[in-house]
Amino acid sequence: MDRIAALPKVELHLHIEGTLEPELIADLAARHGIDLPFGSLAALRSRYRFEDLQDFLDLYYANLVVLRTPDDFAELARAYLRRAAAGGVRHAEIFFDPQAHVSRGVALSDVVDGLVEGCRAGAVETGTTSALIACFLRDRSVEEALDVLEQLVALGAPIIGIGLDSAEVGNPPSRFAPVFDRARELGLHRVAHAGEEGGPEYVREALDLLGVERVDHGIRSVEDADLLRRLAAERVPLTVCPLSNVRLHAVPELAAHPLPRLMAAGVVATISSDDPAYFGGYAEDNYAAVATQLGLTDDDLAGLARNAVQASFLPPERKRALDDEIDGWLAAR
Ligand code: HPA
Ligand code: ZN
């Protein structure tokens, strides 16, 4: 295994639906006797160039049509864990979008049961552990999000937390305060996408009104020096997704990525892959890209990996074990 793939990693920002590779789309479409979205596999592949977040989301949601049964969701999760483990991921806190499936007529219990089974089987096969975080779609209603949260509770879904994703601009965090209040009451962890396309004010709202423990993306925080100081002082982790930011034009090119500025400001930055089937790379590809394009050293990469361990919702003893593994990686240079 190459050196960067061997670095023990924790993935904190990974949409399981964003790991749906074109080949699996084709397999599932054939299995269910449904037409491939966009005709052929070649035609589908030609769509993987995006103008912005919404342009990507249009394809991401359209491709979900092939996910119908618990087995489909199990296969998706298992395939991801297999791929992630090959790139050095030891633990993943996995996002899923319940509303994107329930709104298509898939039973919530089928989504949850399938993902849970895929994560279980994937852990047995690879040793990579995982946990599930249910994300709510910020371009749909608060009432629907609250309703789906209560359904997850009623099912006894083994989620560790909630998140907030989908189209950001025009859908500020503030609207979702009641959902995050309820999650806090339920003892669930809270994270939210903010500062990907939306400005630093979205990050402030996520902190002040949603009480998030991590901010997903958060890169536009670099535009606000006071906010950067606050993130560093309060040690709020950011889950940065470099290849995603390039593909969705949140940054003009990787060489101009704000990651070094975040690191220099003392922010707890972490590296994740977001939607790897769409953005050209899994966890190790994201680490490799920042190493090459931003000139990061092994110590920098180990620091980013350690940040993710600390920012995870794992128990202290597992965090210590993963930290020891990272020590071992550094010592083996
Ligand atoms: N941003 C917002 N919503 C999403 C993303 C993302 O990168 N991926 C899947 N849903
Ligand atoms: Zn995301």
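Values below: all heavy atoms of this structure, side chains included; hydrogens, waters and symmetry mates excluded. Each ligand, and each atom within it, is numbered from 1 in the order the structure gives.
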Give the residue, atom name and distance (to 0.1 Å) of the protein heavy atom nearest [atom].
atom                   : value
atom 3 (N) of ligand 1 : Ser166 N, 2.8 Å
atom 5 (C) of ligand 1 : His15 NE2, 3.5 Å
atom 8 (N) of ligand 1 : Asp275 OD2, 2.7 Å
atom 7 (O) of ligand 1 : Asp274 OD2, 2.8 Å
atom 1 (N) of ligand 1 : Glu196 OE1, 2.9 Å

**Message:** Glu196 and side chain to side chain contact (heavy atoms under 4.5 Å, CB included): which single residue from Ile219, Leu248, Asp216 fits?
**Reply:**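 Running side chain to side chain contact (heavy atoms under 4.5 Å, CB included) over Ile219, Leu248, Asp216 with Glu196 returns exactly one hit, Leu248.
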**Message:** Less than 4.0 Å is my threshold; does some heavy atom of Phe95 fall inside it relative to ligand 1?
**Reply:**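 It does not; every heavy atom stays at 4.0 Å or beyond.
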**Prompt:** Does Asp216 have a non-hydrogen atom less than 4.0 Å from ligand 1?
**Reply:**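 Contact absent.
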**Item:** Reference residue Tyr80; test side-chain hydrogen bond (donor to acceptor under 3.5 Å, both in side chains); the match among His15, Glu21, Glu75, Glu11
**Value:**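 The passing option is Glu11.
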Would you say [X] reaches the Zn ion (ligand 2) with an N/O/S atom under 2.8 Å?
X      : result
His193 : yes
Cys241 : no
Asp274 : yes

**Message:** Between Thr239 and His13, is the side-chain hydrogen bond (donor to acceptor under 3.5 Å, both in side chains) condition met? List the steps.
**Reply:** CA-CA 6 Å; Thr239 62; His13 183 159; 3.0 Å; yes
**Prompt:** Within a reach of under 6.0 Å around CD of Glu51, are more than 12 heavy atoms found that belong to other residues, nucleotides or ligands?
**Reply:**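 At most 12 heavy atoms, drawn from other residues, nucleotides or ligands, come within 6.0 Å of this atom.
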**Message:** Please check if the number of heavy atoms outside Arg104 that lie under 6.0 Å from its CZ is greater than 12.
**Reply:**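 Count over threshold, so yes.
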**Asked** Which ligand 1 atoms are under 4.0 Å away from a heavy-atom of His217?
**Response**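 Selected atoms, number and element: 7 (O).
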**Asked** With atoms numbered from 1 as shown, which atoms in ligand 1 lie under 4.0 angstrom from a non-hydrogen atom of Leu53?
**Response**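 Result: 1 (N), 2 (C), 6 (C).
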**Message:** Donor-acceptor pair, distance only, cut-off 3.5 Å: does the side chain of Glu284 make one with the backbone of Ile4?
**Reply:**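 Not a single qualifying donor-acceptor pair exists.
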**Prompt:** So, are Arg138 and Asp165 salt-bridged, with charged N and O less than 4.0 Å apart?
**Reply:**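 Not counted as a salt bridge, because no side-chain N and carboxylate O are separated by less than 4.0 Å.
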**Asked** Using the ring of each side chain (for Trp, its six-membered ring), is Phe56 parallel, tilted or perpendicular to Phe50, with breaks at 30° and 60°?
**Response**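 Perpendicular.
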**Item:** Pair His101 + Phe73: ring centers closer than 6.0 Å
**Value:**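 Ring-ring flag for His101/Phe73: true, centres closer than 6.0 Å.
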**Message:** With respect to Tyr61, determine whether any N or O atom, backbone or side chain, lies less than 3.5 Å from an N or O atom of ligand 1.
**Reply:**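 No: no nitrogen or oxygen of Tyr61 is under 3.5 Å from one in ligand 1.
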